[in-house]
Every structure is written in C-alpha cells, then in structure tokens.
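First comes the structure, then the notes that go with it.
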There are 2 protein chains.
Amino acid sequence: MAIDPSADRPVYKQLADLIRARIEQGELRPGQRLPAESDYVAEFGISRDSVRRAMAVLRGEGLIDTQLRGSRVRDAGEAVTVPIAHGTSLMARMPTEPERKELGMAEGIPILVITSPDGETRLLPADQTIIEVSDQG
Amino acid sequence: MAIDPSADRPVYKQLADLIRARIEQGELRPGQRLPAESDYVAEFGISRDSVRRAMAVLRGEGLIDTQLRGSRVRDAGEAVTVPIAHGTSLMARMPTEPERKELGMAEGIPILVITSPDGETRLLPADQTIIEVSDQG
DNA sequence: AGCGATTTGTTCGTATGTATA
DNA sequence: TTATACATACGAACAAATCGC
C-alpha cells in the first residue's frame with residue numbers, strides 16, 4: 001500500500017507509481033494541485049530527494065507540470081487537429097532543452113517533425129497536436 | 001568554454017549543453033562511450049550530483065543511453081517507414097515508466113499512438129518509426 | 001571460479017537561492 | 001516582510017552490476 005524502502009523497486013519509483021495511479025484513477029484530476037514535496041516526505045517518511053525524483057519521473061512522462069508554486073496534474077488541453085496529405089512524412093522525438101525553451105513547451109512533451117513533399121519541415125508540440133490523414137493537405 | 005558556477009544557467013545545464021554540442025558536432029559519435037561521471041567531476045570540478053543531472057537531461061532527450069557500465073551516444077538506428085492511410089489519426093506522447101519497460105524502450109523516446117478508422121490503436125516507439133502518408137493503408 | 005576495481009543507482013543530509021502568496 | 005515551496009548544488013555512503021585479472 002504505502003512505500004517499502006526494503007522492496008526491490010526504488011522508493012522514488014514506488015512513489016511515482018503511486019501518484020501516477022492516483023492520476024489515472026482520477027483521484028488527482030487535471031489542473032489539480034499535488035501535495036507539496038514536504039507533504040510526501042511526512043506522509044511516507046522518505047527523503048525529499050526521493051520525492052523530487054518521483055516528480056521528475058512524472059514530469060518526464062508529461063503527466064504533471066511543476067512551477068515554482070507547486071506541481072499540477074497536466075490538463076490534456078485542446079489539441080489542434082492537423083491534416084496532412086499524401087507524400088508527407090512524420091516522426092517524433094524529444095526536443096533538446098534549448099528547443100523546448102524556444103517553443104515554450106513543458107517538460108515531457110515530444111515534438112512532431114512533419115516533412116512536406118517539398119522538403120519543408122514543421123515542428124509541433126505533440127500535446128497540442130492530433131494528426132489526421134486527409135486527401136488534401 | 002568550461003563551466004561557470006556563477007553564471008545564470010545552472011551548472012548541470014551548462015554541462016548538458018557542452019556534451020550535447022559535442023554530440024551534435026560529431027566529437028562524440030553514435031555508439032561511443034562517454035567519459036565516466038567521475039571524469040566530468042574531475043574535469044570541471046563540479047559535484048557528481050550535477051554531472052548526473054546533466055546525464056539525466058541528455059537521456060530525457062534521447063541523446064544518450066546509460067547502462068550500469070556507462071553512457072553511450074545513442075545510435076539513430078534504422079527506422080521503419082510505416083505507411084498510414086486516409087482516416088487514420090495519430091498522436092505522440094511519452095510512455096509511462098511501466099509502458100516503457102513493457103515495450104523495452106530506452107529513456108527519452110516518445111511513442112506514436114496510431115488510431116485506425118476502425119478504432120484500433122497501435123503503439124510504436126518513435127525512434128524506430130517514420131510515418132509516411134500513402135494512398136492505401 | 002573468485003576477487004577487486006570500476007561505474008552507475010539509490011538515498012540520505014545540508015545549505016543557499018528564488019519566486020510566489 | 002515572512003512563510004512556503006521548488007531549484008540548485010555540494011557531500012557522503014552504500015548497493016548492485018559488470019569487467020579484467
């Protein structure tokens with residue numbers, strides 16, 4: 001139930017699993033503030049370092065967003081449906097830190113690299129984009 | 001050139017920038033072993049904590065892969081071109097830690113979620129996949 | 001087969017800085 | 001201004017896996 005420091009799985013991953021489950025089960029809803037790091041320290045008797053690692057895992061998964069004021073469950077937000085046409089190719093990767101800053105993206109969000117038949121490329125934040133294959137570009 | 005602890009940018013991000021530049025410039029090639037954490041500690045006179053944070057940044061960007069034996073520059077590898085047809089929709093996100101383990105993926109690699117017109121979904125590791133829009137699925 | 005050295009993984013502690021309420 | 005909460009950075013210790021001898 002709680003966290004077992006003697007378990008095989010590291011404490012911070014156990015906590016990440018626990019919080020992730022609470023998010024997926026709707027116990028923590030999008031936009032909602034998570035308890036402070038110190039709350040988790042007190043609740044489970046673990047170090048702040050372990051709590052911060054757990055938060056870093058969840059940020060890396062794009063599940064939470066941490067500002068200076070605390071962490072919140074990320075809102076799925078409104079994704080724009082982008083139509084792409086025949087001959088277009090597409091891939092996804094993580095942005096580098098400078099790219100991420102440039103695009104004003106949160107952590108844990110991939111970018112879509114869309115290459116048109118003419119060779120032109122677009123970078124789109126994946127959390128705001130749904131690709132739909134259409135007849136016409 | 002080196003790392004300036006008094007700079008605005010955090011030490012670990014400075015180191016990440018430095019190593020990333022070496023990778024992008026080909027000074028560190030795909031498959032090549034990076035210096036050990038202790039080497040960077042000695043080279044720049046920074047803490048191991050900062051070095052590990054820098055490595056975590058680069059792992060999160062999918063640029064390096066760290067095993068117990070050390071970190072290596074990730075090989076671009078062969079991506080399979082997957083054709084998708086009209087009516088298919090697509091999005092990308094980071095896998096959760098359990099998903100990542102399940103799919104046997106390295107850190108810092110997004111997954112492509114492809115939904116066919118019939119509602120069937122496929123999960124594909126983004127580093128092995130290039131999407132190509134074709135007439136026929 | 002063993003055994004030590006290397007290297008990363010985890011976890012604690014402490015301290016200081018910075019932004020927000 | 002004070003209190004809260006996260007960000008960065010140092011140090012220390014031990015565990016676990018791997019490699020070379």
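Reminder, nothing fancy here: chain letters follow the sequence lines and each chain counts from 1. No hydrogens, no waters, no symmetry mates; every other heavy atom, side chains included, goes into these values.
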Practice task
Kindly compute the distance separating CZ (B:Arg93) from CG (B:Leu112), expressed to the nearest 0.5 Å.
Solution key: 10.5 Å
Handout entry: Electrostatic pair A:Arg9:A:Asp4 at N-O distance under 4.0 angstrom
Key = no
Handout entry: Pair A:Glu107 + A:Arg74: basic N to acidic O under 4.0 Å
Key = no
Handout entry: Pairing of B:Glu61 and B:Arg20 as salt bridge, 4.0 angstrom limit
Key = yes
Handout entry: d(OH, B:Tyr40; C1', C:dT7) in whole Å
Key = 14 Å
Exercise for the section: Look at all strands and tell whether B:Arg33 reaches a base, only sugar-phosphate, or nothing, counting heavy atoms closer than 4.0 Å. Expected result: sugar-phosphate
Exercise for the section: Taking only heavy atoms on the protein side, list every residue of residues 55-63 of chain A lying under 4.0 Å from any atom of DNA chain C, sorted numerically. Expected result: none
Exercise for the section: Spell out, as yes or no, whether a donor-acceptor pair under 3.5 Å connects the side chain of A:Thr88 to the backbone of A:Ala85. Expected result: yes
Practice task
Give, for atom CZ of A:Arg72 and atom OG1 of A:Thr66, the distance between the pair rounded to the nearest 0.5 Å.
Solution key: 11.0 Å
Problem - Nucleotide nearest A:Ile46 (side chain, heavy atoms from C-beta), chosen from C:dC12, C:dT11, C:dA21 - result: C:dC12
Problem - Nearest-neighbour nucleotide for the B:Thr66 side chain, C:dC12, C:dT11, C:dT8 considered - result: C:dT8
Completion exercise
Under a 4.0 Å heavy-atom criterion, DNA chain D is touched by chain A from D:dT4 to D:dT8
Exercise for the section: State whether the side chain of B:Glu102 and the backbone N or O of B:Glu99 hold a donor-acceptor pair below 3.5 Å, judged by distance alone. Expected result: no
Problem - Close approaches to DNA chain D from residues 99-106 of chain B, in residue order (heavy atom, under 4.0 Å) - result: none
Exercise for the section: For A:Ser50 and for B:Ser71, find the nucleotide of DNA chain C with the closest heavy atom, then tell me which residue's nucleotide is more 5'. Expected result: B:Ser71
Problem - Integer-rounded Å distance: C:dT16 P and B:Asp49 CG - result: 17 Å
Problem - Worked verdict on B:Leu28 versus B:Leu34 for side chain to side chain contact (heavy atoms under 4.5 Å, CB included) - result: CA-CA 8 Å; B:Leu28 290 169; B:Leu34 268 67; 4.3 Å; yes
Exercise for the section: Using a strict 4.0 Å threshold on nitrogen-to-oxygen distance, state whether A:Asp49 and A:Arg53 make a salt bridge. Expected result: yes
Problem - Under 4.0 angstrom between A:Tyr12 side-chain N/O and C:dT10 OP1 or OP2 - result: yes
Problem - Side chains of B:Val51 and B:Tyr12 in contact at under 4.5 Å (non-hydrogen atoms) - result: no
Exercise for the section: Could you tell me whether the side chain of A:Ser50 and the main chain of A:Ile46 form a donor-acceptor pair under 3.5 Å? Expected result: no
Problem - Nearest-angstrom distance from the residue atom CZ of B:Arg52 to C1' of C:dT11 - result: 11 Å
Problem - Rounded distance in Å - CD (A:Gln14) to P (C:dT10) - result: 12 Å
Problem - Position toward the 5' end of DNA chain C (nearest nucleotide), A:Pro10 or A:Arg48 - result: A:Pro10
Exercise for the section: Return the value, rounded to whole Å, for the distance between atom CZ of A:Arg53 and atom P of C:dT8. Expected result: 14 Å
Problem - Check: B:Gln32 side chain, B:Arg29 main-chain N or O, donor-acceptor pair, under 3.5 Å - result: yes
Problem - Between C1' of C:dT8 and CZ of B:Arg72, the distance in whole Å - result: 14 Å
